[in-house]
2 protein chains.
Amino acid sequence: MERDAAELVQAIGLLLRRIRAAAASHELSLTEYAVLSRLDKQGPLTAADLARAEGVRPQSMGTTVAALEEMRLVERAPHATDGRQMNIALTAKGLSLRRAMKSAKHTWLAQALAQLGRKEQETLFAAGEIIARLARM
Amino acid sequence: MERDAAELVQAIGLLLRRIRAAAASHELSLTEYAVLSRLDKQGPLTAADLARAEGVRPQSMGTTVAALEEMRLVERAPHATDGRQMNIALTAKGLSLRRAMKSAKHTWLAQALAQLGRKEQETLFAAGEIIARLARM
DNA sequence: TATTGTTATACTCTATAACTATA
DNA sequence: TATAGTTATAGAGTATAACAATA
């Protein structure tokens with residue numbers, strides 16, 4: 001196979017649609033998944049913070065947060081000093097879902113990853129970092 | 001950063017939205033891009049073939065092919081023996097666009113890739129193969 | 001009866017635009 | 001004036017369902 005961008009695009013497309021299909025059957029969408037894990041790692045954040053981190057518009061993040069709130073996975077609390085801001089934090093339910101996802105039992109992606117060899121996993125995580133950098137170029 | 005699936009999902013999400021933004025400004029969508037490169041590598045295919053290869057439904061591929069046809073990048077011709085099938089092939093314009101994309105001058109992704117070191121590129125392509133396999137698990 | 005393709009319709013995700021409230 | 005958030009609306013991409021033509 002030739003070494004050009006199309007190869008990556010094809011792979012990304014396949015994975016994307018696979019994730020989307022999983023989301024349709026009770027799992028979370030890509031952005032919801034990312035927000036949940038970010039809140040777990042970094043603690044409470046505002047919607048604007050999340051939008052910047054995930055590369056979406058604030059309005060779009062508003063929709064995502066509202067969906068997570070509807071599922072009782074996150075909750076919003078007024079900011080201590082700035083009346084405009086709302087702090088978004090994981091609920092107990094959200095935290096426990098996040099833990100379950102990490103333990104490789106909950107999502108097909110985590111399961112699939114667990115079946116790879118250590119070397120392949122390392123390649124993927126290294127690529128993840130490069131891709132994140134690439135996406136910001 | 002922790003080594004779990006969320007990291008990959010975040011990176012994929014960032015790249016996806018970046019590609020989508022590029023598509024909005026005259027470049028091709030993910031699937032259109034993938035179809036163009038597949039036709040270049042494998043020669044004329046039917047819509048059903050393409051749908052299977054890219055992991056989308058035949059109806060969705062029909063829409064994609066129609067969009068490419070509208071842009072005069074592909075053309076359809078009746079199958080020699082099977083009256084149901086339509087062979088989809090690159091036009092001269094489609095082929096020349098595909099060549100331009102490969103030469104790293106045309107899309108932001110190809111440009112961004114070209115700026116990476118050889119080792120990073122190799123990591124990405126290796127990951128691409130793993131991801132494609134993962135997506136079919 | 002199975003397969004290829006088309007048409008109609010709906011859903012998800014994200015975008016842009018316009019607005020309110022607070023800083 | 002700038003920032004955080006909300007609401008309304010639109011677009012892209014893909015899905016499901018129903019159908020026609022051909023094998």
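Here is the naming used below: chain letters follow the sequence lines, and residue numbers restart at 1 for every chain.
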Relative to the 5' end of DNA chain C, which residue comes earlier, A:L28 or B:R76, by the nucleotide with the nearest heavy atom? B:R76
Over how many whole Å does the gap from B:M61 atom CE to C:dT7 atom C1' extend? 18 Å
Phosphate oxygens OP1/OP2 of C:dA15: is one of them under 4.0 Å from a side-chain N or O of A:S60? yes
Let me spell it out: for each of A:L16 and A:D49, pick the nucleotide of DNA chain D with the closest heavy atom. Which residue's pick is nearer the 5' end? A:D49
Within the structure, does a side-chain N or O atom of B:R57 lie under 4.0 Å from either OP1 or OP2 of C:dT4? no
note: A:H79, atom NE2; D:dA4, atom C1'; distance rounded to Å ~ 11 Å
Got a donor-acceptor pair under 3.5 Å from the side chain of A:R84 to the base of D:dT3? yes
Please state how far atom CG in B:L15 lies from atom P in C:dC13, giving the value in whole angstrom units. 18 Å
Indicate if B:L45 and A:L14 have the same hydrophobic cluster label, given that clusters are the connected sets of ILVMFWY residues with side-chain heavy-atom separations under 4.5 angstrom. no
Nearest-angstrom distance from the residue atom CZ of A:R18 to P of D:dG13: 22 Å
Could you check which of C:dA18, C:dT6, D:dG13 has an atom nearest any side-chain atom of B:E32? D:dG13
For C:dC13, does either OP1 or OP2 sit under 4.0 Å from a side-chain N or O belonging to A:R20? no
Is there a side-chain contact between A:L36 and A:L28 in this structure, where contact means two heavy atoms from C-beta onward sitting under 4.5 Å apart? yes
By nearest atom, which of the nucleotides C:dG5, D:dG5, D:dT14 is closest to the B:A48 side chain? C:dG5
Against A:T31, only a single residue in A:T64, A:T63, A:L68, A:L50 fulfils side-chain contact (heavy atoms from CB on, under 4.5 Å); can you say which? A:T64
Counting only side-chain N and O atoms of B:R17, is one of them less than 4.0 Å from OP1 or OP2 of C:dT14? yes
Rounded interatomic separation in angstrom, taking CG from B:L45 and P from C:dG5: 11 Å
Taking B:H79's backbone N and O only, do any of them form a donor-acceptor pair with B:D82's side chain (distance below 3.5 Å, no angle check)? no
Any side-chain donor near an acceptor of the partner, A:S37 and A:D40, under 3.5 Å: no
Indicate whether any N or O donor in one side chain lies under 3.5 Å from an N or O acceptor in the other, for A:R20 and A:S29. no
d(A:L97 CG, A:E32 CD) to nearest 0.5 Å is 10.5 Å
Could you work out which one of D:dT6, C:dA23, C:dG5 sits closest to the side chain of A:D82? C:dA23
Short N-O contact, B:E129 and B:R133, less than 4.0 angstrom: no
Measure from the side-chain heavy atoms of A:T31 and tell me the nearest of C:dA17, C:dT14, C:dG5. C:dT14
I want to check one thing: is the phosphate of C:dT12, taken as OP1 and OP2, less than 4.0 Å away from some side-chain N or O of A:S29? no
A:M86 has an atom CE; how far is it from atom C1' of D:dT3, in whole Å? 16 Å
Nearest-angstrom distance from the residue atom CD of A:Q59 to C1' of C:dA18: 10 Å
Mapping A:G83 and A:T63 to their closest nucleotides on DNA chain C, which lands nearer the 5' end? A:T63
Please round to 10 degrees the angle between the axis of the first five pairs and the axis of the last five pairs in the helix from C:dT1-D:dA23 to C:dA23-D:dT1. 0°
What is the separation between atom CG on B:L14 and atom C1' on C:dC13, rounded to the nearest whole Å? 15 Å
